[in-house]
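In what follows, a structure is listed as structure tokens, so that the remarks can point back to it.
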Number of protein chains: 2
Amino acid sequence: MPPVPNPPGDGSMRAPTIKDVAELAGVGFKTVSRVLNDEPNVRPETRERILAAVAELGYRRNSIASSIRRRDQRTSSIGLIVEDLANPFASSLTRAVQDYALERQHLVLVGSSDGVPERESDLVAEFSARRVDGLILVPNGTDQSYLEIERAHGIPVVFVDRPGRGIEADTVISENALGVAEAVRHLAAFGHTRIAFLGDLPTIHTTERRLAGFRTAMAELGTGPDPRHVRTGLRDGDRAYRAAVELFGLDPAPTALICGNNLITIGAVHALQHLGLRDRVAFIAFDDLELADLLRPALTVIAQDTAAIGTSAARALFERLQDPAAPYRRISLPVRLIPRSSGEIRASDPPEPRTGD
Amino acid sequence: MPPVPNPPGDGSMRAPTIKDVAELAGVGFKTVSRVLNDEPNVRPETRERILAAVAELGYRRNSIASSIRRRDQRTSSIGLIVEDLANPFASSLTRAVQDYALERQHLVLVGSSDGVPERESDLVAEFSARRVDGLILVPNGTDQSYLEIERAHGIPVVFVDRPGRGIEADTVISENALGVAEAVRHLAAFGHTRIAFLGDLPTIHTTERRLAGFRTAMAELGTGPDPRHVRTGLRDGDRAYRAAVELFGLDPAPTALICGNNLITIGAVHALQHLGLRDRVAFIAFDDLELADLLRPALTVIAQDTAAIGTSAARALFERLQDPAAPYRRISLPVRLIPRSSGEIRASDPPEPRTGD
DNA sequence: CGGCAAGCTGACAACGTTGTCGACAACGTG
DNA sequence: CACGTTGTCGACAACGTTGTCAGCTTGCCG
């Protein structure tokens, strides 16, 4: 890695303004503004001269200066806050939001809250200071009422994946409960009754809904779940791994397992692998994963349509910008059970309880 | 999804300014500015009154107005352009850039170019119009010389994953050639000589480097690769799938396969799966994947340190902002071969050539 | 008590842009 | 030729903020 000797031997280090353009073209700077904004009443010849000057200087409109003067004060940018952009759920959501926004000439500022409420509100404050036109966020913690301030200042908010608390707003959410309930029935159809559930923090709305779907469907089966087979508070793959190992040390051990999100899935599959149970315990994961269909057995999943979630959220935001007075909407998006193998393992041959590890 | 009746019954729809704050506190607006910027020479009592007014109005500094007036004109935001944010390589890179930037009070505008040069330059133009303080980008196409304009206007550029063309700039790149060469030697140690390579467009720098490493190491083995065993131009998983299927219809078929990126890997593993060859053909993938260690056989990969790449790129950009005259640097980051199983399949039992499909 | 520095505060210009308005030329009409 | 209308263009104010500077109030020293 040899340093390249070539320093940036440029001159100005300062972007040209419309006044520079005007001077070069020999016109008043307001006329330049007219050309740049496609306003009428500029002689074609003058227009030409100005465009030539623009090209020569490499002028780029300063749209932040523009936005402070414009009537609507819009910055043509929106803010998006997810939990962790490196998570495939978040990144594909972000991609969808971006595409929708870009079609409408808007850029997207992105931030990761890591589930920490303070980071979330810090990011909101930063976005708000940049005067984003609107916010889309995956809310954390117990209170989003602070967002009333942003809204009162004309910055609408859309919640995605979970509803905000202490505030009413447009919200886009998957049908979490229905998805898990379907998974339970699917497993039941293969003879399972001892079905376990591993979930994230119970305070997170998605965990709560998925667990609710689990309990509802388990109740339909008769006895409901064995309380020891329901574990929550699993913030990461490691904790999920340990919880899964414990699960299969129980007597009776579950014969089927449902995991509440993709991090938990990864931890749990590792655990099943370690215990040599991957072919014997039925397994259904919430959230699809890139290689899920290549595992042996291939993972049966409850897939969210992340692109549709992002697009819906973005659409809701732009509609809200157009009509701030419309009633708030709660948009539910279906999830889809994709049977691949792991969810179709029969309960006929239950693993004998293990003695420990 | 019932519409919630509650309309946003707020009043102003306009964010308060320092003048509003000043009026409420009964001071001149410049004094408010002083307090907000922690400038000296404000009586503690006055300061209190102003902070109270700020809190009461929910005032948030308009940092875009601030940035047009500030001496350095900095917006405290940077732009990042990746190929596809939904790709795990891009999203984890983005996450790292974001974290580095956020620690320095900067926000990140993100865009996906999809590998289309025009989209890339459009995004650059948009970012430039927003007056980002700097740009980090994964360049596409054959020419980035248009970025000289941005740089002349004081917006530095850092290339990541690939060098820009037609322009010199700070660049952060993985040691692609070394990684693939190591993979070839690894396979050779398990008896392979008929090793195939599947790559993306040969015009992409990473493809070119990885292929170069492949050819170098193959040459060391003696004969060099069978030309029919080297396929490039595979833009997506589907094409990679078809190429892989064709590969194993050849006589002699390769006994080992190296894939040039994660999309190709997914296509190729599907192909091996379809052909029933996953346990017989040795396989090494460039780029790690989330579930790679859970496949059977687990995927041996050449892993890039995506977080380190993102952090290095961000660091390079901030250092460039501090010292625009420093010589350009080219930063190489090591890759790591992670043996898991698929790369350690011996060549002793080669699959008989297939008759076709 | 006069003088002077230091602390505090506000009036005003300026950033790069858009909005408003008026000046001026060209044109058509009576 | 007088007049209004239309098209073209620039001077100027304004957006919300920071930079500059001058003015006022203190407190301290002689």
Side-chain angles (χ1 to χ4, degrees), chain A residues 12-51 53-54 57-76 128-133 153-155, chain B residues 12-50 53-54 57-76 128-132 153-155:
Chain A
S12 68
M13 269 319 203
R14 171 186 148 275
T17 73
I18 46 174
K19 294 192 179 177
D20 299 322
V21 175
E23 193 173 10
L24 183 61
V27 298
F29 71 92
K30 174 65 220 203
T31 305
V32 176
S33 169
R34 262 189 276 264
V35 170
L36 294 173
N37 293 301
D38 277 322
E39 289 173 28
N41 299 338
V42 178
R43 238 175 28 216
E45 176 200 310
T46 311
R47 174 187 206 76
E48 287 297 303
R49 242 186 17 251
I50 291 174
L51 290 178
V54 165
L57 292 176
Y59 170 82
R60 294 262 164 92
R61 138 187 285 139
N62 184 336
S63 61
I64 72 171
S66 155
S67 77
I68 74 163
R69 181 55 183 141
R70 268 216 161 73
R71 178 150 317 282
D72 56 9
Q73 300 248 126
R74 291 277 170 85
T75 56
S76 297
S128 176
R130 259 79 165 190
R131 294 297 189 269
V132 293
D133 294 343
H153 296 353
I155 302 181
Chain B
S12 67
M13 268 318 201
R14 171 186 149 275
T17 73
I18 48 173
K19 293 192 181 176
D20 298 322
V21 175
E23 192 173 13
L24 182 61
V27 299
F29 71 90
K30 174 65 219 202
T31 305
V32 176
S33 169
R34 263 189 277 264
V35 171
L36 294 173
N37 292 302
D38 276 321
E39 289 172 28
N41 298 338
V42 177
R43 232 171 38 212
E45 176 200 312
T46 313
R47 174 187 205 75
E48 287 297 303
R49 245 190 9 256
I50 291 174
V54 164
L57 292 177
Y59 170 82
R60 295 259 164 94
R61 136 188 287 139
N62 184 337
S63 59
I64 71 171
S66 156
S67 77
I68 75 162
R69 180 57 182 138
R70 267 215 160 74
R71 178 146 319 281
D72 55 11
Q73 300 248 122
R74 292 279 170 84
T75 56
S76 296
S128 177
R130 259 76 166 194
R131 293 298 188 268
V132 292
H153 296 353
I155 303 182

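The sequence lines fix the lettering, A, B, ..., with proteins before strands; numbering per chain opens at 1.
B:Thr46 has a side-chain polar atom (N or O) that falls below the 4.0 Å cut-off from OP1 or OP2 of C:dT9. Listed pair A:Tyr59 / C:dT17 meets the phosphate criterion, a side-chain N or O lying under 4.0 Å from OP1 or OP2.
Among the atoms of the strands shown, base atoms are found under 4.0 Å from some heavy atom of A:Asn41. Among the atoms of the strands shown, only primed sugar atoms or phosphate atoms (P, OP1, OP2) are found under 4.0 Å from some heavy atom of A:Thr17. Among the protein residues, B:Ser66 comes within range of the sugar-phosphate backbone only, with heavy atoms under 4.0 Å from sugar or phosphate atoms but none that close to a base.
In this structure, B:Leu57 CG and B:Thr17 OG1 are separated by 9.0 Å, a value rounded to the nearest 0.5 Å.
A salt bridge does not link A:Glu23 to A:Lys19: none of the charged side-chain nitrogens sits closer than 4.0 Å to a carboxylate oxygen.
Between the side chain of A:Arg49 and the main chain of A:Ala25, a donor-acceptor pair closer than 3.5 Å is present.
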Report task. Determine, step by step, whether A:Arg69 and B:Ile68 satisfy the side chain to side chain contact (heavy atoms under 4.5 Å, CB included) criterion, reporting the C-alpha distance in whole Å, the side-chain angles of both residues, the deciding distance to 0.1 Å, and the verdict. Result -> CA-CA 12 Å; A:Arg69 181 55 183 141; B:Ile68 75 162; over 6 Å; no
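Between A:Ile18 and B:Gly26, it is B:Gly26 whose nearest contact on DNA chain C lies nearer the 5' terminus. Closest-nucleotide positions on DNA chain C for A:Arg69 and B:Val42 were compared, and the one nearer the 5' end corresponds to B:Val42.
Between the CG atom of A:Asp72 and the C1' atom of C:dT17 there is a distance of 14 Å, given to the nearest Å.
The shortest non-hydrogen separation linking B:Ile64 to A:Arg130 is CG2-O, 3.5 Å. For A:Glu39 against A:Val42, the heavy-atom pair with the smallest separation is O-CG2, 4.3 Å.
Counting distance only, with no hydrogens placed and no angle test, the side-chain atoms of B:Arg34 and the base atoms of C:dG10 include a donor-acceptor pair under 3.5 Å. The base of D:dG16 is not paired with the side chain of B:Lys19 by any donor and acceptor separated by under 3.5 Å.
From one end of the helix from C:dC1-D:dG30 to C:dG30-D:dC1 to the other, with five pairs defining each end axis, the axis direction shifts by 60° (rounded to 10°).
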